[in-house]
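The figures that follow rest on heavy atoms only: side chains count, while hydrogens, waters and symmetry mates do not. Letters A, B, ... are given to chains in the order of the sequence lines, protein chains preceding strands, and every chain is numbered from 1.
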Number of protein chains: 2
Amino acid sequence: MRSYKEIRGILQERITSQQWQPGDLLPSEQALSEEFGCTRSTVNRAMRELADAGLVERRRKAGTRVVQPKSHPATISIPVIRQEIENKDQSYKYLLLERLEALPPEDVRAQLGLEQNEKALFLKSLHYGDGIPQQLDVRWINISALPEASQESFADIGPNDWLLQRVPHPNIEHVFRADKATAEEQRLLQLQECEPVFTIERRTWISGQGITYVRLVHPGSRYRMATRSSATPTFN
Amino acid sequence: MRSYKEIRGILQERITSQQWQPGDLLPSEQALSEEFGCTRSTVNRAMRELADAGLVERRRKAGTRVVQPKSHPATISIPVIRQEIENKDQSYKYLLLERLEALPPEDVRAQLGLEQNEKALFLKSLHYGDGIPQQLDVRWINISALPEASQESFADIGPNDWLLQRVPHPNIEHVFRADKATAEEQRLLQLQECEPVFTIERRTWISGQGITYVRLVHPGSRYRMATRSSATPTFN
DNA sequence: GTTGCATTTATGTATATGCTTATTAATGTA
DNA sequence: TACATTAATAAGCATATACATAAATGCAAC
């Protein structure tokens with residue numbers, strides 16, 4: 001008996017091999033269930049997963065069509081810097097540079113959804129791998145949403161680790177950029193003249209309430225972000 | 001009647017609100033199906049989708065647990081530069097700078113899986129938005145895998161567009177970096193002194209056979225990559 | 001022609017049920 | 001007592017069936 005995974009694989013193969021090309025209409029669930037000698041729901045599951053993966057598009061009555069991709073998808077997982085360093089078997093060191101409660105600049109205030117005169121927690125910290133600075137973490141935390149943050153010194157634990165434990169499943173928005181390093185960044189990250197930085201800007205919130213806004217700054221020469229996410233998706 | 005989507009939403013809410021915390025064991029499908037007054041399979045689908053989204057982990061017999069996330073997930077869709085420019089309502093211009101068949105350097109040869117003395121197609125092209133260079137495309141194409149490429153002049157269509165049509169669903173590997181611009185890049189992209197570039201390196205292949213290896217180079221000051229992919233995933 | 005309704009049909013959702021497997025507990029043996 | 005082996009069983013996994021819903025199509029009335 002053919003399982004839905006086998007069927008999914010067969011359909012996927014027909015699509016990637018271009019036996020079925022973008023725009024083509026796939027046979028109906030009914031027809032495929034007869035071809036494979038299974039029930040319609042088995043085919044349904046196979047096709048639904050292909051649709052989830054973006055290989056096909058389904059519309060009632062209109063049927064299932066191969067998608068003409070308009071972009072290259074990529075799924076990235078941004079690890080906590082400590083892990084990234086430890087995975088490379090480097091020694092990890094964390095250093096808190098600055099910690100204060102203050103009024104954030106207007107753009108951050110908006111991002112976190114704070115009141116006009118509401119203070120937030122500002123943290124600046126450095127993460128070293130084998131003694132070399134790898135990441136500068138400049139961050140605002142909404143203390144209305146996370147009052148415990150006021151009690152935490154962040155002397156021994158990085159704010160990223162702390163937050164990941166405290167607020168495990170927030171909504172996230174990322175922006176990646178290649179920036180010219182500021183003078184301070186150049187000094188802190190021990191950059192050479194003209195060396196660019198790779199910055200990750202992250203905003204997290206939970207049911208509308210802003211949690212944190214952070215700029216992660218990495219030396220361009222020592223940082224890369226990679227994905228192995230194939231368009232031919234990596235099913236479980 | 002509760003639908004699997006409602007149930008999924010309720011469970012998701014309980015997780016994000018930390019009513020159920022990382023490591024906690026969720027009730028069994030059986031128990032939840034009784035709570036919600038539906039069958040086990042409806043609950044199963046809800047929980048399966050949460051597992052797909054990475055919010056929970058399921059193990060036979062052991063049950064379903066809330067995941068302790070170790071990283072921030074981000075799903076990016078890298079559009080073809082032409083679209084990206086047109087979406088910003090800028091005028092798009094494409095310019096082919098170089099086209100030749102030659103022996104690729106060793107690293108590219110390995111990436112594409114070519115024979116020792118096998119030639120490949122080399123393309124260098126520029127993409128403008130409103131007359132300003134936005135992307136430099138430096139690329140090798142495996143002509144054994146895509147003999148039609150030899151016939152195509154690429155004078156009028158960008159290699160990215162062409163390939164997306166020709167090989168719509170390849171496997172993909174991406175690397176993102178902030179680089180110092182080479183002298184040539186600085187000239188072609190009209191960069192200021194010390195302005196970094198955001199590079200996307202892409203390798204595509206299909207069932208083991210290399211298709212293309214490309215470096216997409218963007219002016220750091222004019223390029224950003226963003227994701228709105230929340231960890232609280234965007235279900236259909 | 002054009003509009004509108006009825007029909008058809010393809011996908012979407014829910015439920016019932018048997019299957020598979022991982023864990024725990026029981027049992028036996030050294 | 002310690003460990004290995006086996007059995008029981010809880011839990012997720014897979015498929016079949018039934019019903020629901022949306023949308024394209026065709027036909028009829030105008």
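The distance from atom CE of A/Met47 to atom P of C/dG12 is 9 Å, rounded to the nearest whole Å. The OH-P distance, from B/Tyr4 to C/dT11, rounds to 16 Å in whole Å. A straight line from CG of A/Asn44 to C1' of D/dA18 spans 14 Å, rounded to a whole angstrom. Taking atom CZ of residue B/Arg58 and atom P of nucleotide D/dG12, one finds them 5 Å apart after rounding to whole Å. The distance between atom CZ of A/Arg45 and atom C1' of C/dT11, rounded to the nearest whole Å, is 17 Å. For the pair A/Arg40 CZ and D/dA16 P, the interatomic distance rounds to 12 Å; values are reported in whole Å. Rounded to a whole Å, the CG atom of A/Asp52 is 13 Å from the C1' atom of C/dG12. Atom pair B/Leu32:CG and D/dA11:P shows a separation of 11 Å (rounding to whole Å applied).
Relative to the side chain of B/Arg60, the nucleotides C/dA14, C/dT15, D/dG12 differ in distance, and D/dG12 lies closest. Side-chain proximity of B/Glu29 to C/dT15, D/dA14, D/dG12: nearest is D/dG12. Distance from the side chain of A/Thr42 is smallest to D/dT15 among C/dA16, D/dG12, D/dT15.
Between A/Tyr94 and A/His127, the ring planes lie tilted relative to each other; the angle falls in the 30° to 60° range. Under the 30°/60° scheme for interplanar angles, the aromatic rings of B/Trp162 and B/Phe154 are found to stand perpendicular.
The phosphate of D/dG12 (OP1 or OP2) has a side-chain N or O of B/Thr64 nearer than 4.0 angstrom. Considering only side-chain N and O atoms, A/Lys61 lies nowhere under 4.0 angstrom from the phosphate OP1 or OP2 of C/dT8.
Heavy atoms of B/Arg59 sit under 4.0 angstrom from primed sugar atoms or phosphate atoms, though from no base atom. As judged by a 4.0 angstrom heavy-atom cut-off over every strand, A/Ser28 is placed among residues touching the sugar-phosphate backbone only.
The closest donor-acceptor contact from the side chain of B/His174 to the backbone of A/His72 lies at 3.5 Å or more, if one exists at all. At distances below 3.5 Å, at least one donor-acceptor pair connects side-chain atoms of A/Asp24 with backbone N or O atoms of A/Gln21.
Side-chain N/O atoms of A/Ser41 and base N/O atoms of D/dA16 include a donor-acceptor pair closer than 3.5 Å.
The cationic atom of B/Arg45 (NZ for Lys, CZ for Arg) lies less than 6.0 Å from the six-membered ring centre of B/Tyr4 and within 45° of the ring axis.
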